[in-house]
Amino acid sequence: MTSAPAHRGEPVSLSAALASFDELWSPRIVTAVNDHDVRVAKVEGEHVWHVHDHTDEFFLVLEGELTIALREPAGERSVVLPTGSVFTVPRGTEHKPSAPTGASILLLEPSGTLTVGDRHDELPTHVHATTGQPLEGRPDGG
């Protein structure tokens with residue numbers, strides 16, 4: 001499945017991209033790399049426990065702090081990602097991102113990957129089940 005954004009081949013200001021929407025846990029596709037979407041999202045509060053059976057999930061914290069709870073064979077643990085940190089959740093690992101004070105993140109996932117994974121808990125109203133939405137407005141921030 002290809003969801004190539006309209007701005008492909010043009011510079012994208014991540015700060016302008018993030019300023020173009022207010023919805024939480026609702027990523028916007030800023031560009032594509034091979035068969036992967038590069039998405040940005042604003043997050044606050046808790047997401048939902050979910051798992052991607054067939055793909056890893058890459059997180060880069062652009063601003064704020066993100067915590068990712070993980071359920072692994074050895075037990076549960078959490079990783080804390082301050083601004084500038086990256087983390088990859090391995091495929092098949094149940095995880096739950098949260099950001100009590102809010103954060104802006106960049107995600108790298110295969111195009112068409114659902115934000116709530118292949119299996120998930122019941123979705124709260126603030127979490128959008130999406131494969132990413134197109135970025136609106138000018139990608140250069142102008």
Side-chain angles (χ1 to χ4, degrees), residues 1-72 75-142:
M1 175 181 223
T2 301
S3 54
H7 306 302
R8 190 165 183 173
E10 297 296 326
V12 176
S13 163
L14 295 180
S15 59
L18 286 160
S20 73
F21 65 96
D22 293 320
E23 296 84 6
L24 299 175
W25 302 109
S26 184
R28 299 306 195 267
I29 301 167
V30 295
T31 192
V33 177
N34 298 317
D35 295 329
H36 287 66
D37 290 336
V38 178
R39 305 172 183 177
V40 293
K42 295 177 180 179
V43 299
E44 187 172 348
E46 294 187 345
H47 196 264
V48 63
W49 281 105
H50 66 284
V51 62
H52 301 275
D53 291 325
H54 306 290
T55 185
D56 298 337
E57 187 170 20
F58 173 87
F59 292 85
L60 164 62
V61 179
L62 300 170
E63 185 178 324
E65 184 175 275
L66 183 73
T67 299
I68 303 175
L70 303 159
R71 290 180 175 155
E72 300 173 311
E76 286 192 23
R77 72 179 177 115
S78 292
V79 294
V80 178
L81 307 173
T83 299
S85 296
V86 299
F87 184 77
T88 301
V89 176
R91 72 189 71 202
T93 301
E94 194 173 9
H95 59 287
K96 180 180 180 179
S98 64
T101 59
S104 297
I105 61 174
L106 182 142
L107 304 156
L108 179 65
E109 300 178 293
S111 297
T113 298
L114 195 59
T115 57
V116 294
D118 300 305
R119 294 177 278 122
H120 54 80
D121 285 349
E122 186 174 332
L123 296 181
T125 58
H126 70 278
V127 172
H128 296 188
T130 178
T131 57
Q133 299 179 43
L135 182 63
E136 302 296 329
R138 292 187 52 191
D140 60 5

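Just so it is clear, the model here is predicted, and its values are computed rather than measured. Position 1 is the first residue of the sequence, and the numbers go up from there.
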Inset, instruction - Answer whether the closest heavy-atom distance between the side chains of Val38 and Leu108 falls below 4.5 Å. - result: yes
Inset, instruction - Could you tell me which non-hydrogen atom of Val30 sits nearest to which non-hydrogen atom of Ala17, and how far apart they are? - result: CG1-CB, 3.9 Å
Inset, instruction - Taking the side chain as every heavy atom from C-beta outward, state whether Val43 and Phe59 have any pair of such atoms under 4.5 Å apart. - result: no
Legend entry - Asp56 side-chain N/O to Arg91 backbone N/O, donor-acceptor pair under 3.5 Å: yes
Legend entry - Nearest-0.5 Å distance that lies between atom CD1 in Ile68 and atom CD1 in Ile105: 7.5 Å
Legend entry - Qualifying residues under side chain to side chain contact (heavy atoms under 4.5 Å, CB included), relative to Leu18, sequence neighbours excluded: Phe21, Val40, Lys42, Leu62, Ser104
Inset, instruction - Would you mind reporting whether Ser78 and Lys96 have side-chain heavy atoms less than 4.5 Å apart? - result: no
Inset, instruction - Report yes if the side chains of His95 and His47 come closer than 4.5 Å at any heavy-atom pair, otherwise no. - result: no
Inset, instruction - Return yes if a side-chain donor-acceptor contact under 3.5 Å exists between Ser111 and Asp37, otherwise no. - result: yes
Legend entry - Contacts of Glu63 that satisfy salt bridge (charged side-chain N to carboxylate O under 4.0 Å, His left out) - sequence neighbours left out: none
Legend entry - Nearest non-hydrogen partners of Pro97 and Trp25, listed with the distance: O-CH2, 3.8 Å
Legend entry - Residue among Leu14, Val61, Val86 satisfying side chain to side chain contact (heavy atoms under 4.5 Å, CB included) with Leu106: Leu14
Legend entry - Any side-chain heavy-atom pair of Phe58 and Leu107 under 4.5 Å: no
Legend entry - All pairs passing salt bridge (charged side-chain N to carboxylate O under 4.0 Å, His left out) where residues 76-87 contributes a residue, at least two apart: Arg71-Glu76, Glu72-Arg77
Inset, instruction - With sequence neighbours excluded, tell me which residues meet side chain to side chain donor-acceptor pair (under 3.5 Å) with Thr67. - result: none
Inset, instruction - Measure the CG-CD distance between Leu66 and Glu44 for me, rounded to the nearest 0.5 Å. - result: 12.0 Å
Legend entry - Polar side-chain atom of Thr83 near backbone of Gly64 as donor-acceptor pair, under 3.5 Å: yes
Inset, instruction - Measure the OG1-CZ distance between Thr31 and Arg39 for me, rounded to the nearest 0.5 Å. - result: 13.0 Å
